[in-house]
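Reading through the structure tokens given below for one structure.
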Amino acid sequence: MLSKQRLKSVLLSGNSQEEKRAEIKKNFLQTYELYEKLFECIKNDKAYFKKSNRLRHPLIFYYAHTAVFFVNKLMLLGVLKKPLNQHIEATCAIGVDEMSWDDLDEKNYNWPSISDVKKYRDDVKNIVLELIETLPLSLPISWNSEFWIILMGIEHEKIHFETSSVLIRELPIADVQTHKDFTICKQDSISPKNEMITIEKSKITLGKEKDSTLYGWDNEYGVHEVDIDEFQASKFLVSNKEFLEFVEAKGYENINYWSDEGWKWREFTSAVHPVFWQKNNVNSEYQLRTMLELVPMMWSWPADVNCHEAEAFCKYKSEQTNQNI
């Protein structure tokens with residue numbers, strides 16, 4: 001999926017408060033409004049309340065959640081003194097990352113209407129825009145600044161742009177529609193023949209300095225150096241064509257390739273191939289589900305799989321090549 005907008009991060013440093021406010025305002029509006037356009041890809045109102053993934057809430061939750069995040073964090077900071085909509089803020093605050101044993105029974109939730117969420121998002125946008133104009137601002141922006149919460153809300157929305165697009169991709173194709181702002185590349189080519197290449201030993205540095213010029217989440221800070229021994233890695237990302245070998249070898253049905261947790265996931269989902277592969281009802285050929293379309297399989301594209309599938313694939317390749325992959 002390609003968006004026609006590029007969402008850059010705001011620099012914490014600068015020489016002009018006026019220019020910094022304008023930069024933050026532009027970044028906020030780009031992010032906030034592009035996220036709303038993502039939900040324009042949902043074709044009908046009922047789809048907002050469908051669970052495209054059994055371990056996630058319906059999309060109405062995620063539509064409201066990023067705006068709720070702004071309000072709840074600003075209230076925690078004391079910038080906002082009272083809730084904007086207690087029902088929406090209580091219902092759509094937490095529950096982003098559930099597991100199969102968590103209580104996601106829909107009868108326990110009284111979801112807000114689409115119109116109520118749209119109004120809520122508009123109200124939150126106006127509040128944040130006013131705060132960007134009026135909150136005290138000193139440069140560079142530090143952890144203790146009220147603007148740190150504004151930047152946190154912007155970066156949080158960018159995260160959910162990715163996760164919500166996947167949930168939309170998991171909706172039935174009849175529940176989505178193409179959108180002028182979200183197009184896909186439809187170019188395929190001959191799948192590259194993969195091989196293992198040697199990566200020389202080296203020292204790498206992880207983490208972020210406290211005086212970094214970009215916003216960071218708390219677990220990004222601190223610096224850690226690691227000595228990495230020589231190792232091998234595949235030259236290319238594993239393509240759909242390369243992964244097809246594992247599927248046709250009935251790797252999804254062979255417990256020996258799977259970890260204990262991975263096999264529980266496979267049994268839970270009854271997976272026999274990657275989730276975004278679908279078979280054509282006419283000729284049983286594989287097709288690829290993109291976010292908004294069902295297209296002929298792009299065999300040269302990297303395979304979209306989770307960690308359990310990737311681990312099982314590596315065990316299969318180890319068996320086939322007599323190498324420890």
Side-chain angles (χ1 to χ4, degrees), residues 1-2 41 47 50-56 59 97-100 104 162-176 178 182 184-196 233-325:
M1 178 186 72
L2 301 176
C41 299
K50 286 184 178 180
K51 292 182 65 171
S52 60
N53 186 307
R54 284 186 288 175
L55 302 184
R56 297 293 179 266
L59 280 154
D97 226 2
E98 303 298 338
M99 301 299 287
S100 59
L104 282 178
E162 180 178 1
T163 57
S164 294
S165 69
V166 175
L167 291 174
I168 291 173
R169 190 179 181 186
E170 291 184 302
L171 280 172
I173 193 71
D175 288 331
V176 299
T178 56
F182 306 111
I184 64 166
C185 167
K186 293 185 179 179
Q187 294 182 347
D188 197 10
S189 60
I190 297 174
S191 302
K193 181 175 176 56
N194 221 340
E195 60 179 313
M196 304 299 286
S234 58
K235 185 175 183 179
F236 303 106
L237 295 174
V238 175
S239 67
N240 285 319
K241 185 68 172 179
E242 188 175 0
F243 200 84
L244 176 66
E245 179 185 333
F246 174 68
V247 174
E248 291 184 334
K250 299 191 181 301
Y252 279 83
E253 301 169 32
N254 190 336
I255 193 173
N256 294 323
Y257 298 138
W258 299 80
S259 66
D260 290 342
E261 185 180 354
W263 189 250
K264 288 177 183 177
W265 168 83
R266 200 219 64 83
E267 288 190 313
F268 179 73
T269 59
S270 301
V272 293
H273 53 64
V275 65
F276 297 121
W277 291 20
Q278 295 183 25
K279 280 197 172 182
N280 187 311
N281 292 330
V282 177
N283 54 20
S284 294
E285 291 185 356
Y286 282 112
Q287 296 174 291
L288 183 65
R289 169 65 190 273
T290 65
M291 187 175 81
L292 304 177
E293 298 179 62
L294 194 59
V295 300
M297 179 56 72
M298 302 293 177
W299 290 114
S300 65
W301 290 15
D304 278 328
V305 298
N306 64 30
C307 61
H308 301 308
E309 294 166 293
E311 183 180 25
F313 171 80
C314 286
K315 287 184 179 179
Y316 165 79
K317 292 294 286 187
S318 296
E319 181 182 86
Q320 298 300 306
T321 61
N322 291 318
Q323 290 181 280
N324 181 25
I325 298 178

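What you are looking at is a predicted structure, and each value in this text was computed from that prediction instead of being measured. Just so you know, residue 1 is the first one in the sequence shown, and it goes up from there.
- By the side-chain contact (heavy atoms from CB on, under 4.5 Å) test, Glu267 is found to be paired with Trp263, residues two or more places apart in sequence or in another chain being considered.
- Evaluation of the side-chain contact (heavy atoms from CB on, under 4.5 Å) rule for Val272 yields no partner, not counting sequence neighbours.
- For residues 274-285, no pair satisfies salt bridge (charged side-chain N to carboxylate O under 4.0 Å, His left out), with sequence neighbours left out.
- Residues that satisfy the side chain to side chain donor-acceptor pair (under 3.5 Å) test with Glu319, not counting sequence neighbours, are Tyr257.
- With rounding to the nearest 0.5 Å, the separation of CD in Glu293 from CD1 in Ile173 is 7.5 Å.
- For the pair Asp304 and Phe276, the tightest heavy-atom approach, listed with the atom from each and the gap, is CB-CD1, 4.2 Å.
- Taking both residues in full, the closest heavy atoms of Thr178 and Leu292 are given as CA-CD1, 3.9 Å, listed atom of the first, atom of the second, then distance.
- Shown here are the side chain to side chain donor-acceptor pair (under 3.5 Å) partners of Lys193, two or more places apart in sequence or in another chain: there are none.
- One finds the OG atom of Ser318 at 5.5 Å from the CG atom of Asn324 (value rounded to the nearest 0.5 Å).
- Applying the side-chain contact (heavy atoms from CB on, under 4.5 Å) rule to Asn280 yields the partners Val282, Asn283, Gln287; only residues at least two apart in sequence or on another chain are considered.
- Taking the side chain as every heavy atom from C-beta outward, Thr269 and Val275 never approach each other to under 4.5 Å.
- Counting heavy atoms from C-beta on, the side chains of Leu55 and Phe268 come closer than 4.5 Å.
- Considering OH of Tyr286 and NE2 of His273, their distance stands at 5.0 Å, rounded to 0.5 Å.
- At a threshold of 4.0 Å, the pair Arg56-Glu170 does not count as salt-bridged, since none of the basic side-chain nitrogens sits closer than that to a carboxylate oxygen.
- Heavy-atom minimum distance, Gly251 versus Trp258: O-NE1, 2.9 Å.
- In this view, Asp188 satisfies the salt bridge (charged side-chain N to carboxylate O under 4.0 Å, His left out) rule with no residue, not counting sequence neighbours.
- Within the 4.5 Å cutoff, no side-chain heavy atoms of Lys50 are placed close to those of Leu59.
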Under 3.5 Å, sequence neighbours excluded: what are the donor-acceptor pairs made by side chains of residues 307-315?
from   : atom 1 : to     : atom 2 : distance (Å)
Glu309 : OE1    : Asn306 : N      : 2.8
Glu309 : OE2    : Tyr252 : OH     : 2.6
Glu311 : OE1    : Ser259 : OG     : 3.4

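- Atom CG of Asn240 sits about 10.0 Å away from atom CE of Met298, to the nearest 0.5 Å.
- With sequence neighbours excluded, no residue forms a side chain to side chain donor-acceptor pair (under 3.5 Å) with Arg289.
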**Prompt:** Passes side-chain contact (heavy atoms from CB on, under 4.5 Å), Ile184 versus Val295? Steps please.
**Reply:** CA-CA 10 Å; Ile184 64 166; Val295 300; 4.1 Å; yes

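- We find the CE-OG distance between Met196 and Ser234 to be 6.0 Å, quoted to the nearest 0.5 Å.
- For Ser239, the side-chain contact (heavy atoms from CB on, under 4.5 Å) criterion is met by Ser191, Lys241, Glu242, not counting sequence neighbours.
- Here Trp299 pairs with Trp277 under the ring-ring contact (aromatic ring centres under 6.0 Å, His included) rule; sequence neighbours left out.
- With sequence neighbours excluded, the residues forming a side chain to side chain donor-acceptor pair (under 3.5 Å) with Tyr316 are Glu245, listed by chain and number.
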